[in-house]
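Along the sequence shown, residues carry numbers from 1. Each ligand, and each atom within it, is numbered from 1 in the order the structure gives.
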Amino acid sequence: MARLTMKFGGTSVGSPEAMAQVIKSIGGQLAAGHEVAVVVSAMAGVTDMLLASAAAAAKGDREGYSSINAALADKHARAITALIADPAEREAAQGEARQLLAEHQELCAAVQVLGEASPRITDSLLSFGERLSSRVIAAALCARGLTAAQVDSQHYIITDNNFGDAEPLWQESESRIVEGLLPQLCAGITPILTGFIGATPDGVLTTLGRGGSDFSAAIFAACLNSDELIIWTDVDGVMTADPRVDSRARVLPYVSYQEIGELAFYGAKVLHPKTVQPIINRGIPLRVRNTFNPAHEGTLVGARPQASATVIKAVTSIRDVSMLTVSGRGMLGVPGIAGRTFLATANAGANILMISQSSSEQSFCFTVVHPLAPTVKAAVETELEREIQQRHIDSVDLLADIVIITVVGAGMRGTPGVAGRVFSLLGERRINVLAIAQGSSECSISFIVAENDLERAVSSLHSLALETVENDRVNGVGSPY
Ligand code: ADP
Ligand code: ASP
Ligand code: MG
């Protein structure tokens with residue numbers, strides 16, 4: 001018997017048919033004698049609809065948010081009708097959904113009165129997606145005679161008040177999970193937990209950032225001391241590239257925690273970047289698998305360094321970023337300019353995705369998400385006003401329509417010439433590289449190119465990854481099975 005934490009993403013609970021598959025999968029693990037904690041996302045598209053309802057309410061568009069509310073009611077009612085046959089059980093589930101949606105409508109009305117959707121209210125509005133989907137799944141499991149119970153995670157995942165991207169307070173969360181949730185699991189109850197949401201110590205709802213249900217699942221896996229975390233999604237595993245960017249993408253049988261950390265940070269949407277944080281120290285294996293193709297073993301993510309000869313394992317990209325360059329001859333020898341720039345950026349609420357400095361110390365550049373770039377530029381200019389006046393700094397320039405491309409693979413460490421191969425290949429394709437950075441872990445190299453070059457750059461580097469993955473397959477290495 002093993003203790004498993006399983007997370008099902010938006011597409012996996014996106015329709016009654018998909019939910020039926022999820023129920024079968026949970027039932028299968030329970031029948032095999034495993035203890036299972038389940039974490040679910042909102043039904044696909046629902047979080048976006050809730051965001052749109054917040055925007056409509058803030059604009060005073062009552063018709064707009066009411067029609068979203070009605071569409072959400074219809075979507076969940078149809079799932080309940082399809083999955084629960086017993087009239088009394090079905091009506092009980094419909095009643096719970098109706099009650100939540102009435103709350104959603106009320107909250108939208110409150111936003112309309114305020115004329116603004118603060119981050120705090122937005123988080124409360126976004127929470128309805130997971131609160132609804134988890135109730136549908138739990139009710140459907142109970143209707144099949146399984147001992148499941150819907151659980152709202154805000155009672156267990158306690159966070160700071162950084163609404164929209166809240167950070168868990170580890171000790172508080174762990175003690176609540178160990179004291180409140182673990183006994184239920186041990187008593188044979190299968191909790192169906194809401195992904196994505198938490199609450200501040202005084203009970204105000206927060207969210208962990210878009211795609212954050214993966215992170216929620218990892219927190220529960222760690223605190224429940226699970227033997228394995230399984231992320232069920234809509235692709236066969238972690239792939240050599242985003243299959244939507246390059247259809248040749250292949251599933252990687254094994255990646256290390258470190259590699260997945262880089263891949264997720266640099267744009268592989270398949271996992272939230274924080275997912276491995278909670279499980280890395282406890283060495284809990286993570287498996288990424290396809291709800292719709294359960295026969296496929298998926299990707300195993302673990303601690304050991306790869307058994308593979310592969311140098312470049314995968315290529316990722318991030319769109320919608322902008323690059324800021326601070327330059328000036330007078331910067332040489334003026335200490336603290338970079339530090340002040342990065343602090344001003346952080347104070348403007350932006351995360352830095354990549355930093356690169358020229359060796360002459362006459363300029364450095366960094367990238368932030370596109371929508372925040374003008375605010376960051378203004379904040380940096382204010383911070384460096386004196387140096388700009390004194391002409392130590394010539395300018396703070398903003399470049400849009402660029403992308404970050406990253407090649408990832410732990411085998412790069414200690415393999416000379418990888419960067420050379422990457423950049424000469426781009427040179428041959430006449431792709432202009434605007435800036436370069438190597439991760440300190442030496443398992444990734446990131447660089448910036450114009451947005452127009454994205455597909456060409458990814459596909460030529462992806463060919464390198466595919467070559468090495470194929471070598472591994474032929475040589476029988478790189479697979480954990
Ligand atoms: P879920 O709703 O299950 O959390 P997501 O949509 O968040 O699923 O993530 C899965 C998607 O991530 C896939 O459908 C795929 O299009 C995308 N993706 C991007 N890069 C990769 C990659 N390297 N490997 C696998 N999938 C990727
Ligand atoms: N439902 C949330 C989102 O769409 C969280 C998640 O699916 O992981 O971002
Ligand atoms: Mg996701």
* Asked: Considering only protein heavy atoms, which is closest to atom 25 (C) of ligand 1, and at what distance to one decimal place?
  -> G237 O, 3.4 Å

* Asked: Where's the contact between R250 and ligand 1, heavy-atom distance under 4.0 Å: side chain, backbone, both or neither?
  -> neither

Does ligand 2 have any N/O pairs with the protein under 3.5 Å, and how far apart?
from     : atom 1 : to   : atom 2 : distance (Å)
ligand 2 : 1 (N)  : T47  : OG1    : 2.8
ligand 2 : 1 (N)  : E130 : OE2    : 2.7
ligand 2 : 4 (O)  : T47  : OG1    : 3.3
ligand 2 : 4 (O)  : R210 : NH2    : 3.0
ligand 2 : 7 (O)  : S41  : OG     : 3.1
ligand 2 : 8 (O)  : G211 : O      : 3.4
ligand 2 : 8 (O)  : G212 : N      : 3.4
ligand 2 : 8 (O)  : S213 : N      : 3.0
ligand 2 : 8 (O)  : S213 : OG     : 3.1
ligand 2 : 9 (O)  : R210 : NE     : 2.6
ligand 2 : 9 (O)  : G211 : N      : 2.8

* **Residue A241 vicinity, atoms of ligand 1 by number, heavy atom under 4.0 Å** => 22 (C), 23 (N)

* Shortest protein heavy-atom distance from atom 4 (O) of ligand 1, along with the residue and atom involved -> K7 NZ, 3.1 Å

* Does a salt bridge link R421 with E428, judged by any charged N lying under 4.0 Å from a carboxylate O? -> no

* For atom 17 (C) of ligand 1, which of M239, R244, R210 has the closest heavy atom? -> R244

* Asked: Taking atom types as modelled and ignoring hydrogens, do the side chains of Q105 and Y65 form a donor-acceptor contact shorter than 3.5 angstrom?
  -> no

* Asked: To the nearest 0.1 Å, how far is atom 19 (C) of ligand 1 from its closest protein heavy atom, and which atom is that?
  -> D242 CG, 3.3 Å

* Does T233, backbone or side chain, put an N or O under 3.5 Å from an N or O of ligand 1? -> yes

* For D214, salt bridge (charged side-chain N to carboxylate O under 4.0 Å, His left out) partners two or more places apart -> K7

* **Distance-only donor-acceptor check, side chains S444 and T406, under 3.5 Å** => no

* Structure fact -> for atom 26 (N) of ligand 1, nearest protein heavy atom and its distance come out as V270 CB, 3.5 Å

* Among all protein non-hydrogen atoms, which one is nearest to atom 13 (C) of ligand 1, and what is the separation to 0.1 Å? -> D234 OD1, 3.5 Å

Show me the donor-acceptor pairs, under 3.5 Å and distance only, between side chains in residues 449-459 and residues at least two apart or in other chains.
from : atom 1 : to   : atom 2 : distance (Å)
D453 : OD1    : R456 : NH2    : 3.1
R456 : NH1    : R429 : O      : 2.9

* With only distance considered, is G10 within less than 3.5 Å of ligand 1 through an N or O on each side? -> yes

* **Option passing side chain to side chain donor-acceptor pair (under 3.5 Å) with T207 (candidates T159, D123, N162, D165)** => D123

* Asked: Between R319 and D401, is there a salt bridge with N-O shorter than 4.0 Å?
  -> no

* Asked: With under 30° as parallel and over 60° as perpendicular, where do the rings of H104 and F128 fit, or are they tilted in between?
  -> perpendicular

* To do: Return yes when atom NE2 of H155 has more than 12 non-hydrogen atoms of other residues, nucleotides or ligands closer than 6.0 Å, and no otherwise.
  => yes

* Structure fact -> In ligand 1, the atoms that come under 4.0 Å of a heavy atom of P243 are 26 (N), 27 (C)

* Can you sort out the partners of Y266 under ring pair (Phe, Tyr, Trp, His ring centres under 6.0 Å), two or more places apart, ordered by chain and number? => none

* To do: Answer yes or no: is there an ion pair linking E167 with K274, defined by an N-O contact shorter than 4.0 Å?
  => yes

* To do: Would you mind telling me if ligand 1 is within reach of the side chain of V235, the backbone, both or neither, using heavy atoms under 4.0 Å?
  => side chain

* To do: Salt-bridge test for E130 and R135: reply yes if a basic N is under 4.0 Å from a carboxylate O, no otherwise.
  => no

* Just by modelled atom types, is the F215 backbone N or O under 3.5 Å from a matching donor or acceptor in the H272 side chain? -> no

* Tell me which protein heavy atom sits closest to atom 6 (O) of ligand 1, plus the residue, atom name and distance to 0.1 Å. => K269 NZ, 3.0 Å

* **N or O pair under 3.5 Å between S12 and ligand 1** => no

